[in-house]
Amino acid sequence: MLDPKLLRGDLEEVARQLARRGFVLDIEQLQRLETQRRELQTETEKLQNERNQRSKAIGKAKANGEDIVPLLAEVSDLGDRLDSAKIKLADAQEQWETLVSGMPNLPHESVPEGKTEDDNVELHRWGTPREFDFEVLDHVDLGKKSGYLDFDLAAKLTGARFAVMRGPIARLHRALTQFMLDIQTEQHGYEECYVPYMVNRDSLFGTGQLPKFGEDLFKLDDERGYHLIPTAEVPLTNFARDEILDQAVLPMKLTAHTPCFRSEAGSHGRDTRGMIRQHQFDKVEMVQLVEPETSYTALEEMRGHAEAILQALALPYRVVTLCTGDMGFGAAKTYDLEVWLPSQETYREISSVSNCEDFQARRMRARFRHPEEKKPRLLHTLNGSGLAVGRCLLAVMENHQQADGSVTIPEPLRPYLGGVERLSL
RNA sequence: GGAGGGAUGGCAGAGCGGUUGAAUGCACCGGUCUUGAAAACCGGCGUAGGCUAAUAACCUACCCAGGGUUCGAAUCCCUGUCCCUCCGCCA
């Protein structure tokens with residue numbers, strides 16, 4: 001959520017910045033709601049004050065043994081007036097909140113302007129795509145022969161956009177997960193966490209999935225409103241919801257390996273082949289809760305933490321800065337890491353690292369207190385994949401495939417696979 | 001699933017429906033005293049919104065959440081959530 005104070009200031013400027021990312025702000029409506037809200041609030045508080053004063057007077061009179069009947073008569077209609085004022089105020093507040101909670105974050109000044117992913121700006125590349133002297137297979141074909149990767153079976157068990165992994169591929173998947181988690185905890189200083197895979201609406205509102213993007217989520221069919229997490233960013237970032245953290249515990253660096261569930265509504269027909277786009281995939285997520293002054297340093301650092309995994313796995317990739325039009329709802333700045341896929345001869349997203357500044361923190365009232373400062377301040381929140389395990393698996397399979405259909409295992413990963421140098425599929 | 005108990009400020013813990021944003025203790029901050037420290041004593045010590053030049057004063061809200069009763073609710077009633085204990089079941 002944007003700062004309400006900002007929305008009382010230079011609205012034209014806010015609208016201009018939001019327009020950069022393709023969001024049209026209805027300035028008039030916002031101003032109207034704001035004025036209305038303020039008037040109703042003043043009015044309501046005036047009535048509340050009057051009620052409080054008179055009630056106190058009645059209490060006093062009663063204590064002195066005076067007759068309170070005439071005093072009661074004076075307040076007879078106050079209750080009704082107050083009730084109707086409260087209802088009007090609540091209505092105005094709700095309208096205002098609906099509008100404001102649907103506004104995306106302002107892009108950071110360094111974010112390139114653009115409409116689609118084609119306008120993203122490449123920051124750098126690492127590694128060189130391999131030259132193959134045999135016909136490259138994609139991960140689907142690599143896994144199909146042996147049956148170690150089975151989409152038909154998953155379709156029978158559940159439906160489209162699921163996978164069954166078996167044998168060496170299942171083990172490789174697990175090895176990658178453990179490897180990533182170990183790097184993030186042992187080398188990059190994140191605290192390993194285990195979190196619920198279902199969260200409530202408050203958590204989803206806090207990170208910005210709700211109210212606008214509910215259709216991307218799997219909602220459980222019960223009254224509690226639980227949803228399956230689309231990313232561990234949701235539970236991890238919400239650690240700080242309704243908290244005032246001591247400055248000494250910052251930066252708080254959290255990581256978790258979880259499955260992620262996404263309905264992929266609106267992407268019918270996109271990436272229907274293979275593991276690229278699934279309803280369920282595993283991810284090692286990094287989250288940092290930091291002081292505002294350090295959030296952009298932390299962003300660069302986290303990008304490095306994600307890059308370290310790709311480098312260790314000898315996977316060529318590039319980093320792009322997302323343009324204003326391609327960024328997520330809550331992000332002020334986002335880097336995507338795109339790994340080379342030889343079967344597609346292109347780079348595909350494997351990690352996304354974002355600084356949300358105080359946008360999520362404001363939605364979830366996540367604050368910290370500096371011992372020298374009187375008032376608590378909003379945290380800055382960052383999240384990044386480190387990395388998406390499923391996509392990483394297929395990147396390893398495809399990039400390190402051999403003519404005989406086997407896959408060589410990058411050296412740092414071998415300890416996680418009992419020391420083997422290649423997997424026969 | 002059944003039966004009970006509970007939720008109050010950073011923590012602990014009071015609180016007959018009436019001037020209670022809330023006693024008291026601890027912690028914390030400032031001060032006095034002291035060579036210094038401790039102790040003692042004095043003072044301060046929540047969050048958010050409104051109004052403001054103001055992080056001043058004032059006003060409003062908040063004692064798990066949402067409803068209700070009342071002139072007035074931390075206190076009474078209803079619903080929900082969470083926690084604890086016992087029984088049953090279960091990984």
Side-chain angles (χ1 to χ4, degrees), chain A residues 1-10 30-101 194-206 210 220 222-227 235 238-250 252 292 358 360-379:
Chain A
M1 213 155 65
L2 298 179
D3 188 350
K5 292 196 176 66
L6 197 64
L7 299 177
R8 272 172 230 147
D10 192 351
L30 188 60
Q31 275 174 333
R32 187 171 50 76
L33 286 174
E34 170 62 12
T35 311
Q36 197 184 20
R37 197 204 97 250
R38 218 190 294 195
E39 279 170 9
L40 289 168
Q41 182 166 339
T42 312
E43 171 67 14
T44 305
E45 289 184 358
K46 222 171 79 188
L47 287 170
Q48 282 174 322
N49 185 17
E50 193 179 340
R51 181 205 59 196
N52 291 346
Q53 299 302 330
R54 291 191 184 264
S55 292
K56 276 182 189 174
I58 290 171
K60 241 184 242 179
K62 205 175 173 185
N64 294 336
E66 295 168 23
D67 182 16
I68 60 167
V69 173
L71 293 173
L72 288 179
E74 283 177 34
V75 294
S76 60
D77 69 325
L78 198 57
D80 290 340
R81 278 160 61 204
L82 184 56
D83 281 346
S84 83
K86 274 184 177 170
I87 290 167
K88 276 191 269 184
L89 175 61
D91 185 51
Q93 272 171 336
E94 199 188 312
Q95 283 186 49
W96 184 88
E97 270 169 32
T98 303
L99 183 68
V100 173
S101 65
Y194 174 86
V195 295
Y197 301 157
M198 305 171 202
V199 290
N200 59 32
R201 288 193 194 91
D202 288 346
S203 294
L204 289 160
F205 180 85
L210 290 181
L220 269 58
D222 72 358
E223 330 68 58
R224 285 174 290 208
Y226 292 168
H227 292 70
N238 274 281
F239 276 24
R241 174 155 53 84
D242 288 313
E243 299 290 338
I244 301 177
L245 301 177
D246 190 328
Q247 182 257 349
V249 307
L250 304 178
M252 191 178 276
D358 63 12
Q360 294 179 326
R362 185 171 293 106
R363 293 170 84 93
M364 61 174 78
R365 298 164 300 279
R367 294 165 294 172
F368 74 99
R369 191 194 304 276
H370 194 286
E372 313 273 294
E373 296 169 8
K374 196 176 167 200
K375 287 191 161 251
R377 285 194 288 150
L378 291 168
L379 293 162

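In the text below, chain A, chain B and the rest are named by the order of the sequence lines, each starting its count at 1.
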May I ask you to verify if any side-chain N or O of Arg369(A) is less than 4.0 angstrom from the OP1 or OP2 atom of U47(B)?
yes
Answer yes or no: is there a side-chain heavy-atom contact under 4.5 Å between Val199(A) and Tyr226(A)?
no
Per-nucleotide pairing state of RNA chain B [Watson-Crick or G-U, under 3.5 Å; [ ] pseudoknot-crossing; | other strand]
((((((((.[[[..)..(.....]]].(((((.......))))).(((((.......))))).[[[[[..)....]]]]])))))))....
Quick one: do the Asn49(A) and Gln53(A) side chains pair a donor with an acceptor below 3.5 Å?
yes
When you compare A73(B) with G21(B), how far apart are their P atoms, in angstrom units rounded to a whole number?
11 Å
Please evaluate residues Leu82(A) and Thr44(A) with respect to the criterion side-chain contact (heavy atoms from CB on, under 4.5 Å), reporting the C-alpha separation (whole Å), side-chain torsions for both, the decisive distance (0.1 Å), and the verdict.
CA-CA 7 Å; Leu82(A) 184 56; Thr44(A) 305; 4.2 Å; yes
At less than 4.0 Å, is any side-chain N or O atom of Arg367(A) found next to OP1 or OP2 of U47(B)? Yes or no.
no
Could you check whether Ser101(A) and Arg363(A), counting side-chain N and O atoms only, form a donor-acceptor pair closer than 3.5 Å?
no
Distance check, P atoms only: C42(B) and A61(B), in whole angstrom units.
33 Å
Letter per nucleotide, 5' to 3', of nucleotides 14-20 of chain B [B base touched, S only sugar-phosphate touched, - untouched; heavy atoms, 4.0 Å]
----BB-
Residue-phosphate contact under 4.0 Å: Arg37(A) side-chain N/O, G49(B) OP1/OP2:
no
Would you measure the distance from the C1' atom in G25(B) across to the matching atom in U8(B) and give it in whole Å?
15 Å
Just by distance, no angles: are the side chains of Asn52(A) and Ser55(A) close enough, under 3.5 Å, to form a donor-acceptor pair?
no
Expressed as a whole number of angstroms, how long is the span from Glu243(A):CD to U47(B):P?
15 Å
Expressed in angstrom and rounded to an integer, what is the separation of Leu82(A) atom CG from U70(B) atom P?
14 Å
Say we look at A74(B) and C62(B): how far apart would their P atoms be, to the nearest angstrom?
7 Å
Using atom CZ of Arg201(A) as one end and atom C1' of G80(B) as the other, report the distance to the nearest whole Å.
13 Å
Atom-to-atom span, CG of Asp80(A) to C1' of U70(B) - whole angstrom:
13 Å
In whole Å, measure the gap between the P atoms of C51(B) and U60(B) for me.
15 Å
Are Lys375(A) and Arg367(A) packed together at the side-chain level, in the sense that at least one heavy-atom pair is separated by less than 4.5 angstrom?
no
pair Arg362(A)-Pro4(A): side-chain heavy atoms closer than 4.5 Å:
yes
Measure from CD1 on Ile244(A) to C1' on C28(B) and round the result to the nearest Å.
15 Å
Along RNA chain B (nearest heavy atom to each residue), the more 5'-positioned of Tyr226(A) and Gln41(A):
Gln41(A)
Starting from P on C82(B), measure out to CG on Asp242(A) and report it in whole angstrom.
16 Å
So, Asn238(A) side chain and Ser203(A) main chain: donor-acceptor pair closer than 3.5 Å or not?
yes
To the nearest 0.5 Å, tell me how far Leu7(A) CG sits from Trp96(A) CH2.
6.0 Å
Between A3(B) and A14(B), how far is it from one C1' atom to the other, in whole Å?
30 Å
C1' spacing across the pair A12(B) / C28(B), given as an integer number of angstrom:
15 Å
In whole angstrom, give me the gap between the C1' atoms of C45(B) and U35(B).
31 Å
Quick one: which of Glu43(A), Arg38(A), Arg37(A) gives a side-chain contact (heavy atoms from CB on, under 4.5 Å) with Gln41(A)?
Arg37(A)
Would you indicate whether the side-chain heavy atoms of Val249(A) and Phe368(A) approach each other to under 4.5 Å?
no
Exercise: identify the closest heavy-atom pair between Arg201(A) and Gly225(A):
NH2-CA, 3.5 Å
Classify every nucleotide of nucleotides 51-68 of chain B by which part a protein heavy atom approaches to under 4.0 Å, writing B for the base, S for the sugar-phosphate alone and - for neither, in 5'-to-3' order.
S---S---BSS-------
Within the structure provided, determine whether Leu33(A) and Val100(A) are in side-chain contact (heavy-atom separation under 4.5 Å).
no
